[in-house]
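First comes the structure, then the notes that go with it.
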Amino acid sequence: MGTGDDVVLVAVEPGKRRLRGGERLRFAVRAAELGDLLALGRIAVGERRIEVVDPQRVEDRRLNNVLHSLGTADPAPTLAEWLRATPGALTYEYLSRLEDRKLVRVRRWRDRGGRSHHDILYVDVARRREVLDRLDGPDGDGGNAGGSPLLAALVQAAGLAPVAYPGLRGRAARRRLAARTEAAGTLSSAIGGAAGAVDMEKAASAAKGVDTFSRRLFGELTTLYADFGTAGHGLGHDLNAGSWTSADPSGGHHHGGHHGGGHHGGGGGDGHGGW
């Protein structure tokens, strides 16, 4: 599973039949894909453009399509451009990926007005707990700074901390998560070009690059959410209560070719889905 899958799994609220995060979630998933490709040494996010530094295929088919789209885009997109072009159906694809892995079970139906509804009937609580433990766990050096900086930045930016760690029992974990991303929010105006070009051939440099990129992503997503909210798009944290309800741009069930990503802008089956 990739970081995008982890983010969507965190967004599933057990027992509530819904997915939290609203429209913010799809942008967080789009950002997660870039973070995973950066960690794999396939891209570098420079001050101005996203550069493909190694076009070699990766194991995940979805990430392969994203990598191909980035490599064939002319001109190469900036980080802000790539995030703002996030396809509306991207979250649906990742929900279907989780369903394929039997981590969730979804009931899809349409109302009389033709709107698609997704009721999440089941979530693998144990697997979700593993993700949450990794999110709030010790870092790779055995310290207590927390787990994945990329996952932490995305969960915090998408407003999913209360979903990950609800109520009074989760207050301490929410505070730790907020503390880890506070610097990113405070310095968002100063870190626009901080990622720079990373030497992806060295594991230590790659790890440092992902950490820096996570901070940059937090700032970019915060700005994006604010811009869309001001423009009246209303990037709320939740979709309609009781079920995950939203206009489904591709219409209905997403199995049967949805992993090719043809209508998701991350590269279609032929890799030319555009961005």
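One-based numbering along the sequence shown. No experiment lies behind these values; they were computed from the predicted model shown.
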| task | Report the C-alpha distance between Asp60 and Arg97 in whole Å, list the side-chain angles of each, state the deciding distance to 0.1 Å, and finish with yes or no for salt bridge (Lys or Arg N to Asp or Glu O under 4.0 Å). | result | CA-CA 11 Å; Asp60 186 284; Arg97 282 165 59 101; 2.7 Å; yes
Residues Lys102 and Tyr122: closest non-hydrogen pair is O-CE2, 3.9 Å
Distance col, row Leu221:CG vs Phe27:CZ, nearest 0.5 angstrom, shows 9.0 Å
Heavy atoms of Ala173 and Asp136 approach each other most closely as CB-OD2, 4.0 Å
When every non-hydrogen atom of Arg42 is compared with those of Arg57, the smallest separation belongs to NH2-O, 3.4 Å
| message | Quick one, Asp124 with Arg128, criterion salt bridge (Lys or Arg N to Asp or Glu O under 4.0 Å). Give me CA distance, side-chain angles, the key distance, then yes/no. | response | CA-CA 6 Å; Asp124 188 327; Arg128 184 175 183 270; over 6 Å; no
Output for pair (Tyr94 OH, Leu9 CG), nearest 0.5 Å, gives 13.5 Å
Practice item. May I ask you to test the Asp54-Leu40 pair for a side-chain heavy-atom distance under 4.5 Å? Key: no
Separation between CG (Leu70) and CG (Asn65), nearest 0.5 Å, reads 11.0 Å
CG (Asn64) and CD (Glu59) are apart, to the nearest 0.5 Å, by 10.0 Å
Between Arg49 and Thr78, does the side chain to side chain donor-acceptor pair (under 3.5 Å) criterion hold? Intermediate values first, please.
CA-CA 4 Å; Arg49 300 288 174 181; Thr78 65; 5.1 Å; no
Is the Trp109 ring parallel, tilted or perpendicular to the His117 ring (thresholds 30°, 60°)?
parallel
Shortest non-hydrogen pair, Leu25 vs Thr91, comes out as CD2-CG2, 3.6 Å
Salt bridge (Lys or Arg N to Asp or Glu O under 4.0 Å) for Asp6 and Arg134? Distances and angles first, verdict last. CA-CA 10 Å; Asp6 289 343; Arg134 189 163 70 252; 2.6 Å; yes
For Ala158 and Arg24 the tightest heavy-atom approach is O-CD, 3.9 Å
Closest non-hydrogen contact found for Ile50 with Trp82 is CD1-CB, 3.9 Å
